Amino acid sequence: MKKKHILITGGSGLLATNWACVVRNGWDVTLGIHQHKVHIEGVDSCLLELNDFSLLEDQLEQLAPDLVIHTAGMTSVDRCEKEPELAEQVNAVIARNIARATAKRKISLVHISTDHLFSGDNSFSTEESLVEPINEYGRTKALAEKWVQAENPKALIIRTNFFCWGHGHRKSFSDWLIYNLREGQELSLFDDVYFSPILADTLVLVVHELVEKRISGVYNLVGDERISKYDFAITLCNEFDLSAGLIRRQQVKNSSLQAKRPRDMSLDNQKVRKLLGRKIGTVTQFLSMLHNQETEGRRAELLNAIS
């Protein structure tokens with residue numbers, strides 16, 4: 001049987017490269033890249049024009065994917081604050097182009113959103129909670145959701161916060177912790193900023209379950225627990241046998257971050273849990289899986305995958 005074809009935008013990013021590793025045995029994978037070349041065994045890549053709608057249409061016609069995963073975006077919160085027009089183009093206008101082009105060709109679409117959509121004053125925001133972003137990154141991602149739903153009502157929109165193994169050009173939050181702690185560096189982590197992280201692989205597998213069920217609309221796809229950045233780091237130390245004594249407490253109110261950040265980014269995942277009939281997973285479980293991935297070679301493979 002011929003494999004189905006999946007096209008992943010933002011092909012040199014953290015999520016796209018891990019996504020490719022997860023599904024490459026069951027799908028023909030093409031990573032849509034913009035600047036950096038990607039070298040992952042069993043995975044193709046191509047330059048993808050996302051800013052020009054007509055060119056994007058032509059490329060989708062040629063590539064003929066069965067599924068598009070839109071992960072491309074401008075994720076630096078501070079850069080979005082400095083360059084709001086660029087942030088809107090990259091995060092929202094391109095998302096609208098993708099949604100319009102896939103709808104026109106009846107191609108299934110998954111749009112990856114964020115947990116930065118809320119004020120940060122409440123815990124476990126649901127899919128129905130008031131969207132109230134406090135920075136340009138959140139504003140442009142909220143606009144993207146609005147435009148994607150308008151252009152492609154059958155799209156699946158995933159709000160999430162993931163971690164994974166990165167590569168030489170981009171480190172994840174967990175990478176930053178592991179590499180610095182292994183070098184004996186002291187790190188300061190916020191004990192007053194909360195999130196509900198999920199391992200990228202779990203995110204990918206659940207998304208494909210939802211796609212198989214032809215689910216559309218907005219879903220929070222995160223881990224089952226709310227945890228501070230500080231406690232996440234301590235839990236990571238326990239799993240990777242690193243020194244928790246190197247972790248220092250810090251408060252976001254005393255930090256020098258340029259853009260405002262929501263203090264509580266935790267999302268409620270009950271909607272997806274009820275749909276699947278099971279829990280998603282805990283931080284301890286996800287970190288154990290991350291550790292196993294290093295042993296199995298994922299870290300090494302991705303480290304030199306981008307040129």
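Source: prediction; values computed, not measured. Every heavy atom of this structure was used, including side-chain atoms; hydrogens, water molecules and symmetry mates were not.
The shortest side-chain heavy-atom distance between R159 and L117 falls under the 4.5 Å cut-off. R105 is listed as a side-chain neighbour of E57, based on a closest heavy-atom distance under 4.5 Å. Under the 4.5 Å side-chain criterion, counting only non-hydrogen atoms from C-beta, T202 is not in contact with L221. Counting heavy atoms from C-beta outward, L275 and E209 have side chains that stay 4.5 Å or more apart. In this structure the side chain of L199 never reaches within 4.5 angstrom of the side chain of Q285, judged on heavy atoms. Between S129 and N122 there is no side-chain heavy-atom pair separated by less than 4.5 Å. Contact annotation: the side chain of L109 approaches that of H70 to within less than 4.5 Å [non-hydrogen atoms, C-beta and beyond]. In this structure the side chain of Q89 reaches within 4.5 angstrom of the side chain of N51, judged on heavy atoms.
When atom types are taken as modelled, the side chain of K154 and the backbone of K106 share no donor-acceptor pair closer than 3.5 angstrom. With W165 contributing its side chain and L290 its backbone, the two residues share a donor-acceptor pair below 3.5 Å. Counting only distance, with no hydrogens or angles, the side chain of E225 and the backbone of V283 share a donor-acceptor pair below 3.5 Å. Between the side chain of K3 and the main chain of N25, a donor-acceptor pair closer than 3.5 Å is present. Remark: the backbone N or O of T71 is paired with a side-chain donor or acceptor of T9 at under 3.5 angstrom. The main-chain N or O of N97 is never found under 3.5 Å from a side-chain atom of E151 such that the two would form a donor-acceptor pair. Of the possible polar contacts, one joining the S172 side chain to the C164 backbone as a donor-acceptor pair under 3.5 Å is found. Not one N or O on the side chain of N135 forms a donor-acceptor pair closer than 3.5 Å with the backbone of E81. A donor-acceptor contact shorter than 3.5 Å links the side chain of R24 to the backbone of E41. Between the side chain of N18 and the main chain of L14, a donor-acceptor pair closer than 3.5 Å is present.
Atom-to-atom distance recorded for E301:CD and C21:SG is 4.5 Å, nearest 0.5 angstrom. In this structure, CZ in R273 is found 5.5 Å from NZ in K279, a value given to the nearest 0.5 Å. Taken from CH2 in W19 to CH2 in W27, the straight-line distance is 10.0 Å, to the nearest 0.5 Å.
Between G32 and L7, the shortest heavy-atom distance links the atoms N-CD1, 4.0 Å. Of all heavy-atom pairs spanning P262 and H116, the tightest one is CD-CD2, 3.9 Å. The two residues P197 and I227 have their closest heavy-atom pair at CD-CG2, 3.8 Å. Across all non-hydrogen atoms, the minimal contact from L287 to F240 is O-CE1, 4.0 Å. A pairwise comparison of heavy atoms in G11 and L31 identifies O-CD1, 3.5 Å as the closest pair. Minimum interatomic distance between T17 and G13 (heavy atoms only, all atoms of both residues): OG1-O, 2.8 Å.
Applying the ring pair (Phe, Tyr, Trp, His ring centres under 6.0 Å) test to H5 and every residue at least two apart in sequence or in another chain returns nothing.
Residue L67 forms a side-chain contact (heavy atoms from CB on, under 4.5 Å) with just one option from V110, L156, I107, V207, and that option is V110.
When the shell of 6.0 Å around CG of N292 is examined, it contains more than 12 heavy atoms from other residues, nucleotides or ligands. For E85, the CD atom is loosely surrounded, since the number of other residues' heavy atoms within 6.0 Å does not exceed 12.
Ring pair F232/F163 is perpendicular by interplanar angle, where above 60° counts as perpendicular and below 30° as parallel.
Residues N269 and D224 bring a donor and an acceptor atom of their side chains to less than 3.5 Å of each other. T282 and T284 are not linked by any side-chain donor-acceptor pair at a separation below 3.5 angstrom, with hydrogens and angles left out of the test. Between the side chains of S123 and D264, at least one donor N or O lies within less than 3.5 Å of an accepting N or O.
Each of F190 and L267 belongs to its own hydrophobic cluster when Ile, Leu, Val, Met, Phe, Trp and Tyr are linked at side-chain heavy-atom distances under 4.5 angstrom.
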